[in-house]
Visitor: 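Once you've had a glance at the structure underneath, I'll fire off some questions.
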There are 2 protein chains.
Amino acid sequence: MRGNLFAVAVDLVVLTVRHDQLNVLLVRRGERPYESHWALPGGFVRADEDLGDTAARELVAQTGAATQGAVQGHLEQLGGYAAPDRDPRGRVLSMGYLALLPDVPDPEPTGGPTAAFLPVEDVYGLAFDHDTILADGVERARAKLEYTTLAAAFCPPEFTVTDLRRVYEAVWRTEIDPRNFQRKVTSTPGFLIPTATRVTGGRGRPPQLFRRGPATALHPPMLREPVALAHATT
Amino acid sequence: MRGNLFAVAVDLVVLTVRHDQLNVLLVRRGERPYESHWALPGGFVRADEDLGDTAARELVAQTGAATQGAVQGHLEQLGGYAAPDRDPRGRVLSMGYLALLPDVPDPEPTGGPTAAFLPVEDVYGLAFDHDTILADGVERARAKLEYTTLAAAFCPPEFTVTDLRRVYEAVWRTEIDPRNFQRKVTSTPGFLIPTATRVTGGRGRPPQLFRRGPATALHPPMLREPVALAHATT
DNA sequence: CCGCCTTCTCGTCGGCGTGAGGCTATCGGG
DNA sequence: CCCGATAGCCTCACGCCGACGAGAAGGCGG
């Protein structure tokens, strides 16, 4: 068999919404190269694993996501990154994976390296080409909110329409009219399933609680600003 | 550096529209495993290449696409495939790439193995997991026609609105009203640039010739049948 | 040469989804 | 007790799109 040999890793873009901000899970590297730089969590693919297996294993290991994450959350492949010089140790191909999680109580009880959720706006200068992978992951997440019901993956099992709207506003960095948003999501069949309970304790009228419905697609999609036509997409 | 080592290949899903049918470029394997089976064209990533370089090199090698393909065509990454048992020779990760080309005159003057465009409807039983990669590529192409101007990548440098509509109809396997389609594509800024010439010789009123415009996105998108909501996507 | 057919192109009409915004219900707090 | 804040319902106007009519402009057969 011809061809050079690669080490194959999986790097995770784990996104969540905290305090109305889109956050990403990062780990501080404890070894060279890029020692003490922030990096995306990840690891190498084992002998008997498929790529998705590795991604799921790393996700659980880094977040303890087995509890609620695996139920509500979402995990999908982003793309492959294999520039010849992306890793000084040799030829490494990294498969980026995108994970969307509800705001977990605290992601740091991992005994290993320092891990933290940081606002994506503040993140730059990651190790390797992880800035690129992160940018691709954020863009993928933004695009998918338009035509899927994936925003619910950022929410706990039960949530209000306002919770869901704040997810859109945080990811897109826009403001959405609460009344039109409510009409849109509640009138899409299978998006939201109302529960019998309401939330008390907040200000204002107590909102209805919903659960995720079986729908995965939004027809028609919910479009963000038609940012400008023509020219390169960036 | 931990982790097992992989051979890394690039496999191409090269799509074109011929005789109002979506076709895919296949090669007949001349060696084991899967000898004499049809497979996607592809090859291994070389030492100094990034993944896109390999894909572009293979595309030119297999189609001679340098002439018109590279100008009008389109090439993008599909995803990574690395199931542990996908290749009996050992651990191979394959990056799928999707290429959209105008109908090239004839793709067979390659001195190498037998190559042919075959209608995707008739294709099954490809080597390795290429059936899966092909299905993913076709689905990606179908989805992208909805919200991008990529359909023009299937057309020669100058084409009519009817040519473009036949691309949509072939890829989606639907029928589209010619009058509404014309209104949509001609009213989208930057999609089509009219030329001074018209086509003569055919039946009916001579149509206007257009060139691709700079627009890449369709806002709002052109939606195909809302195929059915809810449930898993595949 | 003259209908007739085909295809391209433009217009019309009605329904639906969405942005904008008014209004009521129902809470906490001063 | 009143007020501000939030949730939820409703109306209206506009634009896009599906359905479809009709004219424009060519080829073709009698």
Visitor: Hey, which of these two, A:Thr162 or B:Pro206, hits DNA chain D nearer its 5' end, going by closest nucleotide?
Guide: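 Going by which nucleotide is closer to the 5' end, it is A:Thr162.
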
Visitor: Please determine if a side-chain N or O atom of A:Lys184 lies less than 4.0 Å away from the OP1 or OP2 oxygen of C:dT18.
Guide: yes

Visitor: Just so I know, are the side chains of A:Val167 and A:Phe159 near enough to count as touching, which here means a heavy-atom distance under 4.5 Å?
Guide: no

Visitor: When only distance counts, do a donor and an acceptor, one from the side chain of A:Arg183 and one from the base of C:dG19, lie under 3.5 Å apart?
Guide: yes

Visitor: Could you please name the option among D:dC17, C:dG19, C:dC8 that lies closest to any side-chain atom of B:Arg205?
Guide: C:dC8

Visitor: Can you see if the side chain of B:Thr186 gets near the phosphate of C:dT9 - specifically, an N or O under 4.0 Å from OP1 or OP2?
Guide: no

Visitor: Would you call B:Asp103 and B:Asn23 a side-chain contact if the rule is heavy atoms closer than 4.5 Å?
Guide: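 In short, these two side chains do not touch, never coming nearer than 4.5 Å.
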
Visitor: Whole angstroms only, please: what is the CD-C1' distance between A:Gln182 and C:dA25?
Guide: 13 Å

Visitor: Report the nucleotide, chosen from D:dG18, C:dG21, D:dA24, that has the shortest atom-to-atom distance to any side-chain atom of A:Asp177.
Guide: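 Out of D:dG18, C:dG21, D:dA24, the nucleotide with an atom closest to A:Asp177's side chain is C:dG21.
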
Visitor: Between B:Pro221 and B:Arg203, just flag the one whose closest nucleotide in DNA chain D comes earlier from the 5' side.
Guide: B:Pro221

Visitor: State, yes or no, whether a side-chain contact exists between A:Leu164 and A:Cys155 at a heavy-atom distance under 4.5 Å.
Guide: yes

Visitor: What's the closest nucleotide to the B:Pro207 side chain, out of D:dC20, C:dG17, C:dC8?
Guide: C:dC8

Visitor: What about B:Arg179: does its side chain form a donor-acceptor pair under 3.5 Å with the base of D:dG21?
Guide: yes

